[in-house]
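Since the structure is predicted, the reported quantities are computational estimates derived from the model, not experimental observations. Sequential numbering from 1 along the given sequence is applied to the chain's residues. Note that ligands are numbered from 1 as they come in the structure, with each ligand's atoms numbered from 1 the same way.
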Amino acid sequence: MARLFCYLTAMALTILALPVRAEDGYDLWLRYAPAGQARGADISAHARAISARGDSATMASAKQELQRAVTSMTGHAPALTTEPAAGSLWLATPGSTPAIPVPLKGLGAEGYAIRSIDRAGQPVTLIAANSDIGILHGVFHWLRLAQTGASLDRLDIRSAPRIGLRLLNHWDNLDGTVERGYAGQSIWDWWRLPDYKGPRYTDYARANASIGINGTVLNNVNAKAESLSAPYIAKAAALADIFRPYGIKVYLSVKWTAPMELDGLKTADPLDPKVAAWWKAKADEIYRAIPDFGGFLVKANSEGQPGPQDYQRTHADGANMLAAAVKPHGGIVMWRAFVYAHDNPDDRAKQAYDDFKPLDGKFADNVMVQVKNGAIDFQPREPFHPLFGAMPKTPLMMEFQITKEYLGQSTHLTYLGPLFEETLDADTYAKGTGSTVAKIIDGSLDGHRLTGIAGVANIGIDRDWSGSIFNQADWYAFGRLAWNPDLSAEAIAREWTAMTFSPDPRVIDPVVAMMMGSREAAVDYMTPLGLAHLMATGHHYGPAPWVSELARPEWNPVYYHKADADGIGFDRTKSGSNAISKYAPAIARRLADPATTPESELLWFHHLPWDYRLKSGETLWDGLVHRYDRGVAYVADMQRTWESLRPLVDPERFAQTKAFLAIQHREAQWWRDASIAYFQSINHLPLPAGAQAPAHDLNWYKARSFPYAPGHN
Ligand code: GCW
């Protein structure tokens, strides 16, 4: 009774101590919601004290996080001690504590072990690591267990990241806008940095550290030269100082012609010694300000960006010159393979491969080639990029897009975990069966030590960071998969839901069910059966499969679907662009025949007659229409499920999600109707029995215009 009273008093004090705040999403998955009496007591019993000797900034944040979390979940603030006693959480590194009773070998610089041990007859939870950063990661793991309702007894966990560099790429501009950002302006207040450093930067670092992200590229790959000027280096250094205790390094995107723009050099030719000397001096200057600077990210000779090819040099010439500049400081260069050229009439899906494959083995050992998951551009579904498996001598870095440029932007609930998982699990057959993309990027297939994965961030100054509560799950899933690409998207969704909403199965089960089918639903209502890139011009918001008049052929949706009176789809077999030949023979053989091509990728690889028979027996046209309808129906189902959760979700987050699902439903219907109206204008076929005619005629859809759609300038 007395205990209960103490608990309630402590609880009331905590509540009084905090400003009353609605659930606006700011706390992400680190809400540390009150755990209820029984669970609260259980958590308390395992965290009576936090025992640690180290006093680095990292150790201080680990302790602070635990104190804040345990107090908030239990109403009881753990004591801080140096020696573990009964019920302590004991944080130990070899630097601070001799004789740690668990092996640390194999945990590397960032991993950790968590073990329930008996110490002089007292139960203690040991979190041990080789470094303070490892401890911080271990602390977040323990807090995940505490928040998701998992058992805190008999723990015996060892975890180390499978991929070395786990980075966010911000497409943030110096003027505060974010390219393809749907969560408001950039969180980097460039103008008032380095003097003013708001609290958001620390919360950003906490959130990233909690999922193991260890680097961030601050500025857009469509870079401005000024981000390498002295004032902006000082601004980046201020951020680096804040992120350092959380194990997060800062990187910068560079503009190829920076030496010309900033210092009037006559050329940016990578083989010109003056150019190389400029970059070397620039790297030295950056490292003076940011001693642990990560390195450079480069978009060159792509979509109008300058690059070494302007001087008849190769991507390798360019990358190696920059690599030499950062090498003495331990930095790296991430050179993007997202290239396609206006003067190359060949299938866009082949161009990066043709440019980069011959360069395999020609890159310096601190260069990584960063490859998008698919060969075109972050579509709702793309087959994996054929460069994965084709460059064994080069460490390839994965680039996923967390921001949903092509998957409904801020409002659609389309959980990306399954998309990431599908690519990571794809088998390239590069060295026989089981040569998955995950094994290429984690370095195990080809024996690379330098390994990396990047996600284009979906973060902005919106109160909820990501433009919607459910978009936070994509950031979370990216981090978790970057740490361990073998995790399942579903398991990740369960953790996220438990922490973001509630560990109550009445919440987790329906929410996870919604999430898991949501990406496939978007594929269905936007671009089913392997269609791609049918979005409107520029902002990519909404459907425009009819667009055909843009200057570059591959900017036009008609280039991708190739629909005519007889059929639809892009022939990438021998009779067409033969892009399938870029894949390993085992895959290419399968893709040569529509019958052995996965239906989900059918029209990506084949141009087929409208009456082609799908596996279901229905015609291609009927199957297409049914998929559009299935996608819209899925969204209606999500709306019903969400409505049933009203009693279990706080009003603010409930209302936002409800409103967004209504937008999604309307837009799914729009996608479906506009696509059907357009394709029907080409094939003149009747709709399958029972299918509704589009609400408007084709001209109505064509006339929609959205000059102020976000994310595009
Ligand atoms: O997806 C496309 C986007 C561009 C982007 C480009 C890239 C940063 O539409 O906005 O530019 O890809 O990845 O470089």
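Residue contacts with ligand 1 for Arg180 involve side-chain atoms from C-beta outward but no N, CA, C or O (heavy atoms, distance under 4.0 Å). Contact annotation for Val456 and ligand 1: no heavy atom of the residue comes within less than 4.0 Å of the ligand. By the criterion of a heavy-atom distance under 4.0 Å, neither the backbone nor the side chain of His712 is placed next to ligand 1.
Here the side chains of Arg166 and Ile453 are in contact, with some heavy-atom distance below 4.5 Å. His540 is listed as a side-chain neighbour of His533, based on a closest heavy-atom distance under 4.5 Å.
What sits closest to atom 14 (O) of ligand 1 on the protein, heavy atoms only, is Lys299 NZ, 2.6 Å. Shortest contact from atom 4 (C) of ligand 1 to any protein heavy atom: Glu179 OE2, 3.4 Å. Closest to atom 9 (O) of ligand 1, if we only count protein heavy atoms, is Glu405 OE2, 2.5 Å. In terms of protein heavy-atom proximity, atom 6 (C) of ligand 1 is closest to Glu303 OE1, 3.3 Å. The closest protein non-hydrogen atom to atom 12 (O) of ligand 1 is Lys372 NZ, 3.1 Å. The protein heavy-atom contact nearest to atom 8 (C) of ligand 1 is Asn222 ND2, 3.3 Å. The protein heavy atom nearest to atom 2 (C) of ligand 1 is Asp377 OD2, 2.9 Å.
No close placement of the Phe356 and His385 rings is indicated, their centers lying 6.0 Å or farther apart. For Trp335 and Trp256, the gap between ring centers is short of 6.0 Å. Remark: aromatic rings of Tyr232 and Trp188 are distant, center separation not under 6.0 Å. The aromatic ring centroids of Tyr541 and Trp670 lie less than 6.0 Å from each other.
The shell of residues lying under 4.0 angstrom from ligand 1, judged by heavy atoms, includes Arg336. For the ligand labelled ligand 1, residue His540 lies inside the 4.0 Å heavy-atom shell. Not a single heavy atom of Gln305 sits under 4.0 Å from any atom of ligand 1.
The aromatic rings of Phe293 and Tyr251 are tilted relative to each other, their planes meeting at an angle between 30° and 60°.
Ion pairing of Asp317 with Lys362 is absent here, as no side-chain N (NZ or NE/NH1/NH2) approaches a carboxylate O to less than 4.0 Å.
Every N/O-N/O distance between Glu399 and ligand 1 stays at or above 3.5 Å. Among the atoms of Trp171, none of the N or O lies under 3.5 angstrom from an N or O of ligand 1.
No option in Thr267, Leu271, Val275 other than Thr267 meets the side-chain contact (heavy atoms from CB on, under 4.5 Å) test with Tyr311.
Ligand 1 places these atoms under 4.0 Å from at least one heavy atom of Phe338: 6 (C), 7 (C), 12 (O), 13 (O), 14 (O).
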Stepwise salt bridge (charged side-chain N to carboxylate O under 4.0 Å, His left out) test for Asp189 and Arg192 = CA-CA 6 Å; Asp189 187 354; Arg192 290 185 287 186; 2.8 Å; yes
